[in-house]
Amino acid sequence: MRIDEAKLRDYFANPPEDISLDEIDLERIPRHVSFIMDGNGRWAQSRGLDRSKGHVAGVDSLRETVTTSVRLGLDALSVYAFSTENWKRPKREVNLLMHLFATTLVKELPLFHQENVRLRFLGDLDALPRETRNVFQRGLDETADHTGMTFALAVNYGSRAEIVRAAQLLAADAAMGNVSPLDIDEEMISSRLYTSGIPDPDLLVRTSGEMRLSNYLLWQLAYTEFYVTDVYWPDFSRWEFLRAVRSFQARDRRFGGVVSK
Ligand code: FPP
């Protein structure tokens, strides 16, 4: 995406001591950054608050992350909001999250319009409460013509389930005689994943220190650079984002090839 440099500089004015926009090469911004937004509960508990307050605070970080991504000119931003395993959480917390997804989406639609952001969802939405599904559909419809950054929200998402689904779709095509099994290639699998049409992430950021993938984008992350920060998601700011991009730009991405230096 094209960067509006004046807006970008304004957005990153008044930097903290250890990071500034000057350290970032604007020619080498990752195209797609993906986030495992972890630590809402611990953030709240460390302040003596109910876990739900952590999720509410997490919405503010997410809004800032969307804006930062647009200012940096990303093509795509994706975030892991709710996994297929998250249904095991207490019913009250699940209900709160579902409600929060719906209300936040409605509230943030003006931002998506203003910033020309196109919404996508990754995951099986059929299992979501009707209110949430309806609002998600409205978000899809209202942003379908937007031509700016793609914002993909993973909800009721599990990577293995996504790959199983792609296998089922391909098997059905093969059974119909539309695809010959030996012709199946990576592209055919990619195009049957929820992320179809979105470039693979260049950078995966996980907050709150955990070093695992938690069944997230297992196929798509094959050559992605990882950045793990101890910061809890509600404390993740535009400056944390810049630190992640700075770290990304210091890497030597070889995609399985040889050292270039
Ligand atoms: C991880 O923290 C966070 C989640 C499971 C939910 C993510 C939701 C948000 C950031 C709220 C807003 C999202 C949208 C899309 C409006 P955790 O509860 O696993 O924290 P813990 O590991 O400290 O317990």
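Indexing begins at 1, ligand by ligand and atom by atom, following the structure's order. All values below come from the heavy atoms of this structure, side chains included, with hydrogens, waters and symmetry mates left out.
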*Is it the case that more than 12 heavy atoms not belonging to E85 sit under 6.0 Å from its CD atom?*
yes
*Taking only residues two or more places apart in sequence, or in another chain, which ones meet R246 in a salt bridge (charged side-chain N to carboxylate O under 4.0 Å, His left out)?*
E23
_Contacting atoms of ligand 1, where contact means under 4.0 angstrom from a heavy atom of T104_ = 16 (C)
_W233 neighbourhood, listing ligand 1 atoms whose heavy-atom distance to it stays under 4.0 Å_ = 10 (C)
*asked:* To the closest 0.5 Å, what do you measure between CG (D235) and CG (D230)?
replied: 11.5 Å
*Near R160 CZ, under 6.0 Å, is it more than 12 heavy atoms from other residues, nucleotides or ligands?*
no
*Looking only at protein heavy atoms, identify the closest one to atom 8 (C) of ligand 1 and say how far it is in Å.*
N40 ND2, 3.8 Å
*Proximity of L62 to ligand 1 by residue part, where a heavy atom lies under 4.0 Å*: side chain
*Any nitrogen or oxygen of N86, main chain or side chain, under 3.5 Å from a nitrogen or oxygen of ligand 1?*
no
*How long is the gap from CE on M98 to OG1 on T103, to the nearest 0.5 Å?*
12.0 Å
*Would you mind checking which non-hydrogen protein atom is closest to atom 11 (C) of ligand 1, with the distance to 0.1 Å?*
H55 O, 3.5 Å
*Contacting atoms of ligand 1, where contact means under 4.0 angstrom from a heavy atom of L153*: 15 (C)
_Counting only heavy atoms closer than 4.0 Å, does ligand 1 sit against the backbone of Q45, its side chain, both, or neither?_
neither
*asked:* Please check if the number of heavy atoms outside D18 that lie under 6.0 Å from its CG is greater than 12.
replied: yes
*Write out the residue and atom name of the closest protein heavy atom to atom 20 (O) of ligand 1, then the distance separating them to 0.1 Å.*
G41 N, 3.0 Å
*Name the closest protein heavy atom to atom 12 (C) of ligand 1, giving the residue it belongs to and the distance to 0.1 Å.*
V59 CG2, 3.4 Å
*Does an N or O from R51, backbone or side chain, lie closer than 3.5 Å to an N or O of ligand 1?*
yes
*Can you pull out the closest protein heavy atom to atom 6 (C) of ligand 1? Residue, atom name and distance to 0.1 Å, please.*
A81 O, 3.3 Å
*asked:* Can you list everything that forms a salt bridge (charged side-chain N to carboxylate O under 4.0 Å, His left out) with D4? Sequence neighbours excluded, please.
replied: none
_Has D38 got a side-chain atom pairing as donor or acceptor with S208's backbone, closer than 3.5 angstrom?_
no
*asked:* Using only atom types and a distance under 3.5 Å, with no angle test, would you say the side chain of N156 pairs donor to acceptor with the backbone of G123?
replied: no
*Near F101, which atoms of ligand 1 are under 4.0 Å from a heavy atom of that residue?*
13 (C), 14 (C), 15 (C), 16 (C)
*Taking atom 17 (P) of ligand 1 as the point of reference, which of E85, M37, R42, R89 owns the nearest heavy atom?*
R89
